[in-house]
Amino acid sequence: MNVRVRFAPSPTGFLHIGGARTALFNWLYARHTGGTFILRIEDTDTARNTQEAVDVILHGMRWLGLDWDEGPTTPDAKGPSKGDYGPYFQSQRGDLYKKRVQELKDKGFAYDHEGAVKFKMRRTPILIPDIVVGDVERKLTDREEADPDFVIVRSDGQPVFHFVNVVDDLEMKVTHVIRGEDHLSNTSKHIAMFQAFGVEPPKYGHIPLILNPLDGSKMSKRDKGSSLKFYMDEGFVPEAVVNYLCLLGWSPKDNREKMPLDEIVKLFDVPNILRHNAKFDLDKLHWLDGEYIREMAPERFRELGIEAFKHAKFPLEQFPAAYVAAAVDTCRGKVKNFGELPAYAGFYFNEDVTIDPALIEKEFTAEAKGRLQKLRDAFAQLTEFTAPNLELTLKKIAGELGIKAGPLVHPTRMACTGAGAGPSLYHLLEVLGKDRVLKRIDRVLGM
RNA sequence: GACCCUAUGGUCUAGCGGUUAGGACAUCUCCCUUUCACGGAGAUAGCCCGGGUUCGAUUCCCGGUAGGGUCGCCA
């Protein structure tokens with residue numbers, strides 16, 4: 001059987017991190033089985049659906065690297081798409097739904113009620129053969145017991161989610177529905193409708209939810225990090241986010257954490273998806289992100305680093321390209337996340353280094369200033385302002401003063417960067433260049 | 001209220017009847033080092049509770065408890 005799976009988000013203007021993981025698991029399963037991955041836009045709520053909102057989804061998917069075999073190619077609902085089962089926007093499938101509603105009515109499974117159309121739901125328990133959770137027997141709740149039927153077409157003529165979702169899965173020949181566990185209870189409705197249509201339902205697999213780490217409830221729009229945009233803006237590497245998401249609810253079972261996607265595609269399968277919810281651990285993502293950044297090709301690091309500074313509104317265009325590149329290069333292997341970069345190395349592009357007054361008191365005592373003056377004069381003598389020369393000079397001065405390098409290194413770093421930590425001092429000095437370095441040292445000496 | 005899912009350190013997980021309960025993140029200590037980061041060595045910390053089944057339960061069954069989800073003319 002050729003596997004056909006889909007991701008069917010609603011364009012609300014943001015892509016939920018849990019939705020991204022659902023998309024990822026569907027994509028993994030499609031790639032693992034050599035099947036087809038469909039992207040379908042569930043834009044039945046016309047009021048809040050815009051092209052921008054659709055674009056957020058398409059961007060997010062592309063950023064994650066989740067390519068779809070069928071679905072829209074532009075955010076325009078009436079625009080082009082790929083695949084033989086379109087349109088892939090529900091807003092364009094109205095006629096189809098009308099036909100299907102009529103079919104249910106003809107078969108006696110649907111009826112008009114106060115201007116709406118309701119589905120005649122089975123009153124007996126429904127077996128959901130879930131490929132992740134196992135067999136689930138869903139009984140009616142007390143409220144459903146009172147009125148088991150549910151609306152499939154609103155009184156304004158718009159069909160509702162449960163109905164269009166089923167019709168589309170049916171029409172698009174979806175074989176496996178992998179979705180969040182929040183849908184498990186509703187699956188009985190969907191199965192009942194498939195049965196009403198006289199069609200075998202797809203196989204369902206309900207994956208655990210991603211919980212917010214604070215109170216352990218379902219990640220909601222308000223929670224920090226619930227939107228994929230957060231990770232895009234904060235400068236996370238997409239491969240790291242994808243890798244982390246894979247580890248939330250799935251495991252290679254051999255203690256590996258960081259692993260290439262193609263390896264995951266090979267190992268991933270629905271039966272070994274975990275069944276319990278997981279809290280999102282931003283610290284671990286940070287760590288993974290750092291791993292990816294550290295092993296990144298130098299050119300890519302430079303490119304993403306420059307992007308991060310630009311994102312933070314640093315006027316990079318005012319500096320020579322070679323200077324910018326050299327500055328970013330000194331940060332390789334130092335940060336776990338590109339979002340940290342502007343704070344970490346902003347001193348390269350900020351001529352007025354701000355130093356905490358309390359630290360000035362502490363670091364720049366009269367004694368320290370005397371030493372720094374000596375070092376400054378030695379630096380001024382240098383004709384080749386290079387890292388090795390700078391190191392040699394600093395150590396020489398330290399020797400003459402009868403002290404270790406540390407007491408000289410710290411004030412120098414503080415004077416030039418305003419921070420107690422940062423890139424390698426000697427390399428950072430070389431990049432800043434003699435003029436800047438002397439100017440910055442002079443500045444604190446005059447304080 | 002009803003229905004459904006779940007339960008290994010703070011977090012993500014390995015385990016599938018007999019293990020000194022393994023790994024990772026985080027935390028702490030030490031080493032390396034121009035700072036930080038990396039790397040290396042170590043430490044703290046876990047099988048929700050109660051019954052069964054069994055020679056033996058973290059593992060299987062039942063009950064409880066706890067957490068999560070669902071019962072919309074939202075998706």
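Below, chains carry the letters A, B, ... as their sequence lines are ordered, and counting in each starts from 1. Scope of the values below: all heavy atoms of this structure, side chains included, with no hydrogens, waters or symmetry mates.
Between A:I210 atom CD1 and B:U11 atom P there is a gap of 16 Å when expressed in whole angstrom units. Following rounding to the nearest Å, A:R256 (CZ) and B:G22 (C1') show an atom-to-atom distance of 16 Å. In this structure, NZ of A:K139 is placed 8 Å from P of B:C5, rounded to the nearest angstrom. When the C1' atom of B:U6 is taken as reference, atom CG of A:L248 falls 15 Å away, rounded to whole Å. Note: CD1 (A:I293) to P (B:C36) measures 20 Å, nearest angstrom. Atom CG of A:L209 is separated from atom C1' of B:C4 by 13 Å (rounded to the nearest Å). What separates CG of A:L127 from P of B:C4 is a distance of 12 Å, to the nearest Å. In this structure, CG of A:D182 is placed 16 Å from P of B:G72, rounded to the nearest angstrom.
When distances run from any side-chain atom of A:D142 to the nucleotides B:A2, B:U13, B:U35, the shortest one goes to B:A2. In the set B:A7, B:C5, B:A75, B:C5 carries the atom at the smallest distance from any side-chain atom of A:E181. The side chain of A:Y344 sits closest to B:C36 out of B:C36, B:G72, B:G69. Nearest nucleotide to the A:K218 side chain, out of B:U34, B:G68, B:C71: B:G68. The listed nucleotides are B:A2, B:C12, B:G69; the one nearest the side chain of A:K279 is B:C12. Looking at the side chain of A:N255, the nearest of the listed nucleotides B:U6, B:G23, B:A2 is B:G23. Here the nucleotide nearest the side chain of A:V136, chosen from B:C36, B:C4, B:U13, is B:C4. Of the listed nucleotides (B:A26, B:A75, B:U34), B:A75 has the atom at the smallest distance from the side chain of A:T44. Checking B:A14, B:A75, B:G69 against every side-chain atom of A:K253, the shortest atom distance belongs to B:A14. Considering only the side chain of A:V133, B:C5 comes nearest among B:U13, B:C5, B:G69.
The separation of B:G46 from B:C4, taken at their P atoms, amounts to 34 Å, rounded to a whole angstrom. Taking atom P on both nucleotides, B:C60 is separated from B:A45 by 27 Å, rounded to a whole Å. The C1' atoms of B:U29 and B:U44 are separated by 11 Å, rounded to the nearest whole Å. B:U59 and B:C47 are spaced 12 Å apart, taking the P atom of each and rounding to whole Å. Separating the C1' atom of B:U13 from that of B:G18 is a span of 23 Å, rounded to the nearest Å. Across B:G69 and B:C12, the matching P atoms stand 15 Å from one another, rounded to whole Å.
Searching all strands for a Watson-Crick or G-U wobble partner of B:A24 with both distances below 3.5 Å returns B:U11. With a cut-off of 3.5 Å on both pairing distances, the Watson-Crick or G-U wobble partner of B:U29 is B:A41. Judged by Watson-Crick or G-U wobble contacts below 3.5 Å, the nucleotide B:G1 has B:C71 as its partner. If you check B:U54 for Watson-Crick or wobble pairing at under 3.5 angstrom, you find it has no partner at all. Both distances falling under 3.5 Å, in either a Watson-Crick or a G-U wobble arrangement, occur for no nucleotide opposite B:U34.
Contacts of A:P423 with the nucleic acid, taken as non-hydrogen atoms under 4.0 Å apart, include base atoms. Using a 4.0 Å heavy-atom criterion, one finds that A:L408 contacts no nucleic acid atom at all. A:N186 comes within 4.0 angstrom of a base, heavy atoms only. Using a 4.0 Å heavy-atom distance criterion, A:L274 is classed as a sugar-phosphate-only contact. Base engagement by A:E114 is indicated by at least one non-hydrogen atom pair under 4.0 Å involving a base atom. Using a 4.0 Å heavy-atom criterion, one finds that A:G216 contacts the sugar-phosphate atoms exclusively. Base contact: A:S424 has a heavy atom under 4.0 Å from a base atom. A:H183 comes within 4.0 angstrom of a nucleotide base, judged by non-hydrogen atoms across all strands. Counting any heavy atom pair closer than 4.0 Å across all strands shown, A:E257 reaches a base atom. Counting non-hydrogen atoms under 4.0 angstrom, A:R138 reaches the backbone sugars and phosphates but no base. Here A:F280 lies out of heavy-atom contact (under 4.0 Å) with every strand. Using a 4.0 Å heavy-atom criterion, one finds that A:H286 contacts no nucleic acid atom at all. Among the heavy atoms of the strands, none lies under 4.0 Å from A:A405. Within 4.0 Å of A:G249, counting heavy atoms only, lie sugar-phosphate atoms of the nucleic acid but no base atom.
Between the side chain of A:S217 and the base of B:G68, no donor-acceptor pair under 3.5 Å is found. Not a single donor-acceptor pair, N or O on each side, falls under 3.5 Å between the base of B:C71 and the side chain of A:S185.
Neither OP1 nor OP2 of B:A26 sits under 4.0 Å from any side-chain N or O of A:K284. Side-chain N/O atoms of A:R154 include one lying less than 4.0 angstrom from OP1 or OP2 on B:C74. Contact check, A:H276 against B:U13: a side-chain N or O comes under 4.0 Å of OP1 or OP2.
For the pair A:D156 and A:A421, both in contact range of RNA chain B, the more 5′-proximal nearest nucleotide belongs to A:A421. Comparing A:A8 and A:L425, the nucleotide of RNA chain B nearest to each residue sits closer to the 5' end for A:L425.
For A:K105, the side-chain hydrogen bond (donor to acceptor under 3.5 Å, both in side chains) partners two or more places apart in sequence, or in a different chain, are A:D112.
Using a 4.0 Å cut-off between charged nitrogen and carboxylate oxygen, A:E303 and A:R300 do not count as a salt-bridge pair. Taking a cutoff of 4.0 Å between a charged side-chain nitrogen and a carboxylate oxygen, A:E400 and A:K374 qualify as a salt bridge.
Judged by the 6.0 Å distance and 45° axis criteria, A:R294 is not positioned over the aromatic ring of A:Y292. Remark: A:R100 is positioned above the aromatic ring of A:F197, its terminal NZ or CZ atom under 6.0 angstrom from the ring centre and at most 45 degrees off the axis. With a 6.0 Å cutoff to the six-membered ring centre and a 45° limit on the axis angle, A:K221 counts as a cation-pi contact of A:F14.
Side-chain contact check for A:R179 versus A:I207: every heavy-atom pair is 4.5 Å or farther apart.
Judged purely by distance below 3.5 Å, without hydrogens or angles, the side chains of A:N212 and A:D215 pair a donor atom with an acceptor atom. No hydrogens or angles considered: a donor-acceptor pair under 3.5 Å links the side chains of A:H206 and A:T187.
Looking at A:R6, A:R4, A:R40 one by one, the single match for salt bridge (Lys or Arg N to Asp or Glu O under 4.0 Å) with A:E70 turns out to be A:R4.
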Please list, pair by pair, any protein nitrogen or oxygen found under 3.5 Å from a nitrogen or oxygen in nucleotides 37-45 of chain B.
unit_1, atom_1, unit_2, atom_2, d
B:A37, O2', A:G333, O, 3.4

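Within a 6.0 Å sphere centred on CG of A:D95, other residues, nucleotides and ligands contribute 12 heavy atoms or fewer.
Looking at every heavy atom in both residues, A:L375 comes nearest to A:L394 through CD1-CA, 3.7 Å.
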